[in-house]
Protein chains: 2
Amino acid sequence: MITIKDVAKHAGVSVSTVSYVLSGKRPISTATSQRVRRSIRELGFHPNAGARALASSRTNVLALVVPLRTDLNLPVIMQFVSSIVTTAREHDYDVLLLTKESGADEVHRVIASARADAVIVMDVEAHDPRIPALRELDVPVVLVGVPADSAGLNCVDLDFSSSGARMVAHLADLGHRSVGFIGSPPAVYERKTGYATRFLSGFARCAQQRGVMVHVHPCAPTFTSLSSCLDKLLLPEVGITGLVVHNEAVLADVVLELRRRDRRVPEDISVIALCPDVMAATQPVPLTSIAVPAEEVGAIAVQMLMRRLAGERSSEVRLLDPHLTDRGSTITAPHMADR
Amino acid sequence: MITIKDVAKHAGVSVSTVSYVLSGKRPISTATSQRVRRSIRELGFHPNAGARALASSRTNVLALVVPLRTDLNLPVIMQFVSSIVTTAREHDYDVLLLTKESGADEVHRVIASARADAVIVMDVEAHDPRIPALRELDVPVVLVGVPADSAGLNCVDLDFSSSGARMVAHLADLGHRSVGFIGSPPAVYERKTGYATRFLSGFARCAQQRGVMVHVHPCAPTFTSLSSCLDKLLLPEVGITGLVVHNEAVLADVVLELRRRDRRVPEDISVIALCPDVMAATQPVPLTSIAVPAEEVGAIAVQMLMRRLAGERSSEVRLLDPHLTDRGSTITAPHMADR
DNA sequence: TTCGGCCATTGAAGCGTTTCGATTTCCGGA
DNA sequence: TCCGGAAATCGAAACGCTTCAATGGCCGAA
């Protein structure tokens, strides 16, 4: 195994000089620096991570807590992870994988044993039981998702509230006056899972401002549940001309079922969804949608961490502006009389 | 920060004694051991990973290379990862996450800098370009998947060849004499991606043995491609009574399209698929299937690694027996005359 | 009573870095 | 010619653990 000693000998300098060349923490003459770098290259030297961690109390590793058992929105999770790993590497950090299922104890262990310098926790819920333990940690922590009490925490997520508002505004701009909402399963709202509630409240608030009538129906991930939602929404007296869907599980069926009921999208009804872009794009009728910007969220999470690691003291909650992609499934509202 | 020194002082023993209590590498009297353990608990001591690694040249970390950009079979990948992380933790190992996209260099870096003791590489292809570099590593490596030349490598995967054979046997036992095969996209076979080819050859070999006629059609992941496959397969003169599907992308459409063409499953045609269990179970007609036993593969991968880390020298290729789950979509072949 | 031998425990030498004075070198100004 | 000081480099002390050789106690056999 090649050590820094070998490099020093090979380059004819002291061990500390090699170290300073590598870290740049002291000025080294260009000549020496180049000679050292050359030796490093020729010998194929890689600094021993353990020794480095021991001496500097920096591991250059960040722990990432991922919900691996999730059955839903795997694509989004993968995008997060992928973007986090990539961004971390750009900052010369490696990523240690922890599962959400194993809880906050594992995070504590990893930090207490100095295996990682910081933590990113994905899939944080409004009243996440892990939060007290995470607060105790005296290393930087970034949460993906926003808990009910976010004081003193670093969080990043899509701005669900303004996403809801944005969708209403989009439909209102197109002249829609009555809009349906197919939501997540009732349990999700009861549990106050946070993002679902925030999306809905942004939706409702904007609708009120714009004078749009809304008809909200949570929907279990079953065909029968969806079917009964649509039964109610499509009653003539309800007269919706737009439909907002926040439920990935039934999204495909919404589209199929509307067609089966002879409602054309978008001629008879405009549909807009909150879901991954691929999902929106691959429906029989490509759907206008807002997606969770997973790549961006991941990258920002890492950047927030890096700033904290660099000494920044403050904490912040970053809510990302929604980006609405128009795929043509939303058009000017038909006049009621036309139906 | 609590160190082993603090524990030693607190327990009134030497530092080395604490170490031996922890590692069990020397006999320690029960009295002392308990006193030490109590101190550890009371002080909340966690051994510093870096120091440990430095002194013992063991990191208790394994590197896991995951294909994060994959769009397909994410569920399977997640199952792998989940099972690998869980099993690794049972052996007191943590998992460092690397992406397939970043290539073999990253693996080399991680090993050369002693960040990890061993490597698991997922999604290995027949002529995987990373293999030469992986062979050079002088740490244990386990591949999930079997490359064309597996000599001297540790590999684990489903036995695709016998899976193909098993499906034919299942259908043959039910009296089917003519069977269709909807395969992966042509490119997959041309690239000799390994598992697809092996599955197909096991299928063909067994069919010949059992005197079953086979009609093989690779299929692109598009509706038109599928449609033309079915056009050919459902010609009266072909007379298939069974259908094997090895193409997750079009599986759902196969079922829908058969129905649209008035072929009932299983009364008119028996269908069996190679796909994740959830996928098979959630079709309109639950499908008899063979699944990649991801949990098992992951656990075995870790176990193989642990044995190598414990000093075992040999290498092995483990092909797991397929497990066929009958969900009722395959029944006794109808007589030709009935049609 | 003495001694060999075993068991439990200890002290100290690393492991490969980083980092903090300390030292050397070199330069310009007096 | 000498000196002060900046720039570049060096030496050695940590960092917290493992592990090896050595020590001390104790027991049973002689």
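Order of the sequence lines fixes the chain letters, A, B, ..., with proteins taken first and strands second; residue numbering starts at 1 for each chain.
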### Task
Take atom NE2 of A/His46 and atom P of C/dG16, then tell me their distance rounded to the nearest Å.
16 Å
#### Entry: Whether over 12 other heavy atoms sit under 6.0 Å from B/Arg135 CZ
yes
#### Entry: Carboxylate-amine/guanidinium contact A/Glu125 A/Arg130, below 4.0 Å
no
### Message
Measuring to OP1 and OP2 of C/dA8, would you say a side-chain N or O of B/Ser29 lies under 4.0 angstrom away?
### Response
no
### Under 3.5 Å donor-acceptor, B/Asp117 side chain and B/Leu62 backbone
no
### Query
Heavy-atom distance under 4.5 Å between the side chains of A/Pro75 and B/Leu74, does that happen here?
yes
### Task
Considering just the side-chain nitrogens and oxygens of A/Ser19, establish if one lies under 4.0 Å of OP1 or OP2 belonging to C/dT18.
yes
### Query
Does A/Arg69 pair with B/Glu295 as a salt bridge, N-O distance under 4.0 Å?
yes
### Message
Does A/Val15 reach a base, just sugar-phosphate, or nothing at all? Heavy atoms under 4.0 Å.
### Response
base
#### Entry: End-to-end axis angle, where each axis spans five pairs of the helix from C/dT1-D/dA30 to C/dA30-D/dT1, to 10°
60°
### Query
Just by distance, do the side chain of B/Asp128 and the backbone of B/Pro147 share a donor-acceptor pair under 3.5 Å?
no
### Task
Tell me whether the OP1 or OP2 atom of C/dT19 has a side-chain N or O from A/Lys25 closer than 4.0 Å.
yes
#### Entry: First encountered from the 5' end of DNA chain C, between B/Arg35 and B/Ala51
B/Arg35
#### Entry: Rounded distance in Å - CZ (A/Arg58) to P (D/dC15)
18 Å
### Message
By the 4.0 Å heavy-atom rule, please label B/Pro47 as base, sugar-phosphate, or nothing.
### Response
sugar-phosphate
### D/dT18 OP1/OP2 closer than 4.0 Å to side-chain N/O of B/Ser56
no
### Message
With a 4.5 Å cut-off on side-chain heavy atoms, are A/Arg89 and B/Thr99 touching?
### Response
no
Quick test: give all pairs of protein nitrogen or oxygen and nucleotides 20-24 of chain D nitrogen or oxygen below 3.5 Å, distance rounded to 0.1 Å.
unit_1 : atom_1 : unit_2  : atom_2 : d
D/dC20 : N4     : B/Tyr20 : OH     : 2.6
D/dA21 : N6     : B/Arg26 : NH1    : 2.6

### Query
Between D/dC15 atom P and B/Ile2 atom CD1, what is the distance in whole Å?
15 Å
## Note on the structure
Rounded to whole Å, CD1 of B/Ile4 lies from C1' of D/dT19 at a distance of 12 Å
### Summary
Between CG of A/Asn48 and C1' of C/dT18 the distance, given in whole Å, is 13 Å
### Task
Measure the distance from CZ on B/Arg115 to P on C/dG16 and round it to the nearest whole Å.
17 Å
### Task
Between A/Thr32 and B/Leu54, just flag the one whose closest nucleotide in DNA chain D comes earlier from the 5' side.
A/Thr32
### Task
State whether a side-chain donor-acceptor pair under 3.5 Å links B/Ser33 with B/Arg37.
yes
### Task
Indicate the ring-plane relationship of A/Tyr195 and A/Phe160, choosing parallel, tilted or perpendicular according to the 30° and 60° boundaries.
tilted
### Task
Provide, to the nearest angstrom, the distance between the CG atom belonging to A/Asn60 and the P atom belonging to C/dT18.
10 Å
